[in-house]
S.K.: 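My questions all concern the structure below.
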2 protein chains.
Amino acid sequence: MSTKRVEQLHAQGVRTRAHLLETAREAFSTCSDASLNSIAKKAGVGIGTLYRHFPTREDLVFELYRAEVQQMAQAADDLLDEHPPLDAFRLWLARFARYAMTKAGLIGALQSATSRGRFAQEARGPLTAALQRLLDANRAAGTLRPDLEPDDVLLAIAGLYQLDPAGDWEPRAKRILELVCVGLCRRDTAPSGGAAPA
Amino acid sequence: MSTKRVEQLHAQGVRTRAHLLETAREAFSTCSDASLNSIAKKAGVGIGTLYRHFPTREDLVFELYRAEVQQMAQAADDLLDEHPPLDAFRLWLARFARYAMTKAGLIGALQSATSRGRFAQEARGPLTAALQRLLDANRAAGTLRPDLEPDDVLLAIAGLYQLDPAGDWEPRAKRILELVCVGLCRRDTAPSGGAAPA
DNA sequence: TTGCTTGGCGGAGACCTCTCCGGTAAGTTC
DNA sequence: GAACTTACCGGAGAGGTCTCCGCCAAGCAA
């Protein structure tokens with residue numbers, strides 16, 4: 001008994017956490033708003049255990065999609081490498097929309113990320129950093145307004161959160177993003193063409 | 001007993017409803033997210049009664065602010081009378097933001113109004129109608145993009161819903177609205193000045 | 001060994017939202 | 001006025017979220 005459990009000193013917690021995550025991923029893939037209660041039950045742990053590992057629903061969801069968020073941040077760099085700054089920015093926004101709408105539950109967590117909560121720190125970190133790089137590149141290229149902050153962008157695209165992931169969100173998302181892009185462009189520059197500066 | 005109750009035929013329901021509304025207004029003014037439970041209790045009615053009168057929280061909140069919503073719709077006309085279309089549009093958005101942030105609970109109801117629910121119909125009715133008038137006037141004046149729908153605007157300003165009414169929301173709201181306005185303007189028109197059309 | 005500390009665990013319980021249904025009283029018909 | 005209809009009322013109960021606390025076992029010190 002003692003030898004068997006040698007590696008399980010503190011490892012028990014790690015395993016419980018991993019198991020919880022696995023169960024949650026499964027549950028969310030079936031039903032995007034599965035109750036935490038049901039997840040704990042399905043994982044065979046008490047509800048208290050779930051809550052100690054993930055104090056809020058957002059914590060759990062974010063943990064589940066941490067990789068996706070990182071990937072989203074990474075995508076900013078990739079897009080900047082392969083495209084002109086403004087195009088990169090636009091493509092990134094489109095990808096952001098698709099990720100948010102596609103992954104069950106991510107949208108809800110993302111929404112609260114714009115305000116408070118642990119998710120706010122952890123998700124906004126990579127996200128705002130990525131946005132900052134995009135904005136910097138565009139500032140250098142003179143394509144977007146020079147006074148923009150990542151938070152402005154995050155707030156400007158908040159309309160995405162109102163969309164119903166189960167419905168026909170794509171055309172509406174496209175419209176929103178288009179509007180936002182125009183709003184973010186330098187006033188003396190045409191949004192996609194090559195108008196003469198003032 | 002019978003004479004006393006003459007006017008309470010069906011009026012009992014009306015009175016209960018009014019009393020509920022009164023209690024709710026009071027409760028919300030103290031705590032913007034008072035529980036429906038506590039409101040029913042404070043009003044001295046069963047929770048079921050509250051739910052029959054107001055099937056969802058939004059129904060209750062909307063009823064509370066119905067006058068404000070009407071007023072907001074009316075304001076669109078007033079502003080159009082007194083200002084050029086674009087200014088009217090901007091002033092209206094600013095007022096919208098202030099109303100939404102100021103009135104406890106309205107913001108939450110407004111948020112869900114962009115999607116589904118009874119509030120969606122009832123609040124969006126006046127709101128989208130007002131927006132439609134603003135958009136029409138601006139279309140005629142050539143100031144805003146001619147292809148805009150009220151829903152686009154409602155979605156574009158959804159960032160407001162992320163703001164914390166208790167915090168320092170004003171500068172951020174101002175930034176959002178400014179961005180949105182630029183995005184909604186005709187591309188060949190400067191947002192506030194008089195640039196030459198292409 | 002024998003405590004003592006500490007991380008991890010489970011679930012009772014407080015409180016909430018929302019549904020459903022039996023009871024009751026107002027109004028109606030005969 | 002007796003029976004019937006219909007609105008309205010109250011609260012039990014299902015199911016959620018989240019907190020709190022007692023329990024256990026591992027690791028550590030004497």
Side-chain angles (χ1 to χ4, degrees), chain A residues 1-24 27-28 30-64 104-105 108-109 111-112 116-119, chain B residues 1-24 27-28 30-63 105 108-109 111-112 116-119:
Chain A
M1 192 62 94
S2 57
T3 52
K4 262 191 212 165
R5 302 233 162 181
V6 165
E7 79 273 54
Q8 302 181 344
L9 338 180
H10 275 202
Q12 177 62 22
V14 176
R15 286 180 47 202
T16 301
R17 182 187 172 88
H19 183 218
L20 238 17
L21 239 19
E22 187 54 35
T23 309
F28 282 141
T30 302
C31 168
S32 69
D33 55 352
S35 80
L36 300 184
N37 235 329
S38 70
I39 290 174
K41 193 167 290 180
K42 201 174 294 185
V45 307
I47 184 67
T49 301
L50 194 162
Y51 269 90
R52 192 158 4 75
H53 283 287
F54 308 100
T56 74
R57 187 189 193 83
E58 274 69 41
D59 289 323
L60 177 58
V61 172
F62 173 59
E63 203 56 36
L64 238 29
Q111 176 167 11
S112 57
R116 324 154 253 301
R118 186 180 143 226
F119 190 88
Chain B
M1 191 62 94
S2 56
T3 52
K4 263 190 209 165
R5 302 228 163 184
V6 164
E7 78 272 55
Q8 302 181 346
L9 341 178
H10 273 202
Q12 177 61 24
V14 176
R15 287 180 47 201
T16 301
R17 183 187 172 88
H19 182 218
L20 238 16
L21 238 19
E22 187 54 36
T23 308
F28 283 140
T30 302
C31 169
S32 69
D33 53 353
S35 80
L36 299 185
N37 235 328
S38 70
I39 290 174
K41 194 167 290 181
K42 201 173 296 184
V45 307
I47 184 67
T49 300
L50 194 162
Y51 269 91
R52 190 158 7 77
H53 283 286
F54 308 100
T56 74
R57 188 189 192 81
E58 275 69 41
D59 290 323
L60 178 58
V61 172
F62 173 57
E63 203 56 34
Q111 176 167 13
S112 58
R116 326 153 249 303
R118 185 180 143 226
F119 190 87

S.K.: Working note: Glu63(A) + His53(A), criterion side-chain contact (heavy atoms from CB on, under 4.5 Å); need CA distance, chi angles, decisive distance, verdict.
M.R.: CA-CA 11 Å; Glu63(A) 203 56 36; His53(A) 283 287; over 6 Å; no
S.K.: Any base atoms under 4.0 Å from Thr49(B), or only sugar-phosphate, or nothing? Heavy atoms, all strands.
M.R.: base
S.K.: Please give, in whole Å, the distance from dG11(D) P to Leu36(B) CG?
M.R.: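 Computing the Leu36(B):CG to dG11(D):P distance gives 17 Å.
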S.K.: Could you check how far NZ of Lys41(B) sits from C1' of dT17(C), rounded to whole Å?
M.R.: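 One finds 14 Å between C1' of dT17(C) and NZ of Lys41(B), rounded.
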S.K.: So which heavy atom on Leu36(B) is nearest to which on Leu60(B), and how close?
M.R.: CD2-CD2, 4.0 Å
S.K.: Find the distance His19(A):NE2 to dG8(C):P and express it as a whole number of Å.
M.R.: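 Interatomic distance, NE2 of His19(A) to P of dG8(C): 17 Å.
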S.K.: Can you check whether Ile39(A) reaches Arg57(A) side chain to side chain, under 4.5 Å on heavy atoms?
M.R.: no
S.K.: Starting at atom CZ of Arg17(A), determine the distance to atom C1' of dG7(C), rounded to an integer number of angstrom.
M.R.: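 One finds 15 Å between C1' of dG7(C) and CZ of Arg17(A), rounded.
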S.K.: Whole-Å distance between dT17(D) C1' and Asp33(A) CG?
M.R.: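 Spelled out: CG on Asp33(A) to C1' on dT17(D) is 14 Å.
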S.K.: Please classify the nucleic acid contact of Ile47(B) as base, sugar-phosphate, or nothing, using heavy-atom distances under 4.0 Å.
M.R.: base
S.K.: To the nearest Å, how far apart are Arg15(B) CZ and dC9(D) C1'?
M.R.: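 Going from CZ in Arg15(B) over to C1' in dC9(D) covers 14 Å.
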S.K.: Closest approach of Ala40(B) and Gly46(B), non-hydrogen atoms and distance?
M.R.: CB-O, 4.0 Å
S.K.: Quick one: is dC8(D) close enough that its OP1 or OP2 comes under 4.0 Å of any side-chain N or O from His53(B)?
M.R.: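 His53(B) to dC8(D) OP1/OP2: no side-chain N or O under 4.0 Å.
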S.K.: Can you measure Leu50(B) atom CG to dC16(C) atom C1' for me and round it to whole angstrom units?
M.R.: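 Rounded to the whole Å, the gap is 13 Å.
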S.K.: Once you round it to whole Å, what is the distance between C1' of dT19(D) and CZ of Arg57(A)?
M.R.: 18 Å
S.K.: Answer with base, sugar-phosphate or nothing: what part of the nucleic acid does Thr16(A) contact at a heavy-atom distance below 4.0 Å?
M.R.: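 Result for Thr16(A) = sugar-phosphate.
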S.K.: If each of Gly44(B) and Ser35(A) is mapped to the nucleotide of DNA chain D with the nearest heavy atom, which maps nearer the 5' terminus, i.e. the 5' end?
M.R.: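 Of the two residues, Gly44(B) wins.
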S.K.: Please tell me which of Gly48(B) and Tyr51(B) maps to the more 5' nucleotide of DNA chain C, matching each residue to the nucleotide holding its nearest heavy atom.
M.R.: Tyr51(B)
